[in-house]
Amino acid sequence: MIDAKLLRNSAGEVAKNLARRNFTFDADAYLVLEEQRKAVQVAVESLRAERNASAKSIGKAKAQGEDVEPLLAAVKDLGDRLEGAENKLQLVQAELIDIELGLPNLLHDDVPDGCDETENREVLKWGDLPEFDFEPLDHVDLGSGLAMLDFEAASRISGSRFSVLRGPLARLQRALIQFMLDTHTSEHGYEEVYVPYLVQSDALVGTGQLPKFEADLFKTTDDPPFFLIPTAEVPVTNLARDSILDAGEMPMRYVAHTPCFRSEAGSYGRDTRGMIRQHQFEKVELVQFVDPATSDAALEELTGHAESILERLGLPYRKVILCCGDVGFGSHKTYDLEVWLPGQQAYREISSCSNYLDFQARRMRARWRNPDSGKPELLHTLNGSGVAAGRALIAILENYQQADGTVVVPEVLLPYMGGIEKLEPAAA
RNA sequence: GGAGAGGUGGCUGAGUGGUCGAAAGCGCUCCCCUGCUAAGGGAGUAAGGGUUAAAAGCCCUUCGAGGGUUCGAAUCCCUCCCUCUCCGCCA
């Protein structure tokens, strides 16, 4: 959420910033509502003050044995007036909150103009693209050639957009996850956490998926419903919900491995081949809670932690800064890391690292005690994939493939592979 | 799933209709005293919101959540959630 005070005082400026996203914020309509809110709230509060004062004097009079009948008569209609005003206030406030929860975050000045992902600006390229003296296969052909990637079995069980990994390939994904968690915990200063995969709607409102993007989520029929997490960002960021952190324990860095569940509504035609876009995938996620003064720097640092994973794996990638039209709803500024996939001859997103400023913190009341003011203030949240394990697996298959259809295991994963140095078909 | 107990401020914990945002203790902050340390004395110490350009001041809200009764609710009634103990079941 954007600070309501900022909306009131600088609605025009906010509208201008959001217009860069091609989002229309009707500042005038908002301000009209806001005027109503102010009038009604002042009325409600003064009525309440009146009620409190008379209740108090009735109490006093009674204690002194005086006749309270005239006092009671005097406040007779106060309750009705108050109730009417309170109902009105509730309506106006609900309307305002609806608007506020639907506003995307303000954009950082660094964010370039542009409508969609084609206009994201490349920041850097790392690694040499692999050169093959044969026609490189994509992960689907490689995986099925090895008999380790089985979409048919998956679709019998669950339908489309699922996969079954077998044997060494399943182990390779586990190795990747282990490697990433170990690297982030032992070298980048993150605390590993294990979190729920089913969350309640409040958690999703906190991180910004709700109320706007319910269609992207899987929802249970319980009452109240559970939602399957679309990313570990949701439960991990909500660790700070309704709390006040000490300055001394900041920045807080958390890393979690979780499966992620996305309905992929609205992307029916996209990436239907292979395991690029699945309803369920594994991801290692980085989350930070930081002093607002340091969040810009923290984004660079966090992105660097994700980059370091790709570098250690020897996977060529490029880093882009997302343009106005492609930045996520709640993000102030986002870097995507895109890994090179020889099978597609394209860079594909494997990590997305964002600074949310206080956008999520405001929604979930995540604060820290600023030693300068001594007061609780909203903290800043950041998160980024460090990295998506499913897509990393694809990248390894495609980048480390050999002419004979086998796949060499990247060196940093060998300690996790129990002696397997190469994925090759099981001996007949 | 069954039975019972309970949810109050950073923590422990008192408070069964009015002057209670809430005793007391602990913790924390500041001051005083004490030649270190220990002990002692005093003051302060919740969060959110409104009003304001901002602040001060003033006001409103919050005692698990939501409803209700009442002039007035931490306190009474209803519903729900959570925690603990015992039983059942289970990994």
Side-chain angles (χ1 to χ4, degrees), chain A residues 1-14 27 30-31 33-97 99-101 194-203 205-206 220 222-227 235 238-250 252 358 360-379:
Chain A
M1 253 181 343
I2 297 174
D3 184 6
K5 273 194 175 141
L6 187 68
L7 290 176
R8 283 174 215 165
N9 296 334
S10 318
E13 292 299 305
V14 170
Y30 181 83
L31 290 176
L33 260 183
E34 169 53 26
E35 280 304 313
Q36 280 180 37
R37 187 231 96 223
K38 185 190 288 193
V40 180
Q41 183 164 353
V42 167
V44 164
E45 290 187 357
S46 68
L47 282 170
R48 283 208 274 240
E50 200 181 319
R51 180 202 59 196
N52 292 347
S54 42
K56 212 168 252 188
S57 59
I58 290 172
K60 245 175 223 165
K62 225 174 186 177
Q64 293 169 4
E66 294 169 17
D67 179 20
V68 297
E69 279 308 318
L71 288 169
L72 287 179
V75 296
K76 207 169 154 227
D77 68 326
L78 215 150
D80 292 338
R81 280 193 289 153
L82 181 56
E83 200 183 328
E86 278 175 335
N87 290 340
K88 177 114 190 266
L89 180 61
Q90 212 172 6
L91 288 177
V92 176
Q93 267 173 339
E95 245 181 290
L96 282 168
I97 286 172
I99 295 175
E100 288 161 13
L101 285 176
Y194 170 80
V195 292
Y197 302 161
L198 291 169
V199 299
Q200 307 242 336
S201 61
D202 279 357
V205 171
T220 73
D222 298 76
D223 182 28
F226 287 107
F227 292 87
N238 274 280
L239 287 174
R241 159 179 292 271
D242 282 315
S243 55
I244 303 173
L245 304 182
D246 287 333
E249 53 188 353
M250 309 248 287
M252 298 203 90
D358 58 13
Q360 295 178 321
R362 181 168 294 105
R363 287 169 166 245
M364 59 189 180
R365 296 165 302 280
R367 293 159 297 165
W368 71 304
R369 197 170 291 277
N370 185 340
D372 292 336
S373 65
K375 293 286 180 193
E377 295 173 11
L378 294 172
L379 48 76

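Letters A, B, ... are given to chains in the order of the sequence lines, protein chains preceding strands, and every chain is numbered from 1.
Nucleotides U8(B) and A73(B), compared at atom C1', are 14 Å apart to the nearest Å. Atom P of G66(B) sits at a distance of 29 Å from the matching atom of G57(B), rounded to the whole Å. U34(B) and G48(B) are spaced 41 Å apart, taking the P atom of each and rounding to whole Å. G21(B) and C60(B): their C1' atoms are spaced 13 Å apart (whole Å). Rounded to whole Å, the P atom of A47(B) lies 16 Å from the corresponding atom of A55(B).
Between the side chains of Glu45(A) and Gln41(A), at least one donor N or O lies within less than 3.5 Å of an accepting N or O.
Atom-to-atom, CD of Glu86(A) to P of G66(B) comes out at 13 Å; the value is rounded to the nearest Å. Between Leu78(A) atom CG and U70(B) atom C1' the separation is 14 Å, expressed in whole Å. In this entry the distance linking CG of Leu71(A) with P of G18(B) reads 18 Å, nearest Å. Distance CG (Leu72(A)) to P (G18(B)): 16 Å, rounded to an integer number of Å. The distance between atom NZ of Lys56(A) and atom C1' of G72(B), rounded to the nearest whole Å, is 11 Å. Note: CH2 (Trp368(A)) to P (A47(B)) measures 15 Å, nearest angstrom.
Proximity of Val199(A) to Asn238(A): side-chain heavy atoms (C-beta onward) are nowhere separated by under 4.5 Å.
In this structure Val205(A) satisfies the side chain to side chain contact (heavy atoms under 4.5 Å, CB included) test together with Leu101(A), Leu210(A), Arg363(A), sequence neighbours excluded. Every side chain to side chain contact (heavy atoms under 4.5 Å, CB included) that Ala11(A) has, sequence neighbours left out, goes to Phe25(A), Ala27(A), Leu31(A). Applying the side chain to side chain donor-acceptor pair (under 3.5 Å) rule to Asp202(A) yields no partners; only residues at least two apart in sequence or on another chain are considered. Applying the side chain to side chain contact (heavy atoms under 4.5 Å, CB included) test to Arg367(A) and every residue at least two apart in sequence or in another chain returns Ile244(A), Pro376(A), Leu378(A). For the side chain to side chain donor-acceptor pair (under 3.5 Å) test, no residue two or more places apart in sequence or in another chain qualifies with Asn9(A). Not counting sequence neighbours, the partners of Thr220(A) by the side chain to side chain donor-acceptor pair (under 3.5 Å) test are Asp222(A). In this view, Glu50(A) and Leu47(A), Leu78(A), Arg81(A) satisfy the side chain to side chain contact (heavy atoms under 4.5 Å, CB included) rule, not counting sequence neighbours. Looking at residues two or more places apart in sequence or on another chain, you find no side chain to side chain donor-acceptor pair (under 3.5 Å) involving Asp246(A).
Near RNA chain B, meaning a heavy atom under 4.0 Å from it, residues 238-246 of chain A has no residue at all.
Looking at Glu86(A) and Arg48(A), a side-chain N of the basic residue comes within less than 4.0 Å of a carboxylate O on the acidic one, giving a salt bridge.
Between Ala361(A) and Leu379(A), the closest heavy-atom pair is CB-O, 3.1 Å. Residues Arg8(A) and Tyr30(A) come closest through the heavy atom pair N-CE2, 4.4 Å.
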Pull out every protein N or O sitting under 3.5 Å from an N or O of nucleotides 26-29 of chain B, one pair per line with the distance.
none

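Between the side chain of Asn370(A) and the main chain of Glu377(A), no donor-acceptor pair closer than 3.5 Å is present.
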Using Watson-Crick and G-U wobble pairs whose two distances are both under 3.5 Å, how do you write the pairing of RNA chain B as dot-bracket, with | for links to another strand? ((((((((.[[[..)..(.....]]]((((((.......))))))((((((.....)))))).[[[[[..)....]]]]])))))))....

Going 5' to 3' along nucleotides 49-60 of chain B, which nucleotides have protein heavy atoms under 4.0 Å from the base (write B), which only from the sugar-phosphate (write S), and which from neither (write -)? BSSB-S----BS

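Mapping Lys60(A) and Gln90(A) onto RNA chain B via the closest heavy atom, the residue that lands nearer the 5' end is Lys60(A).
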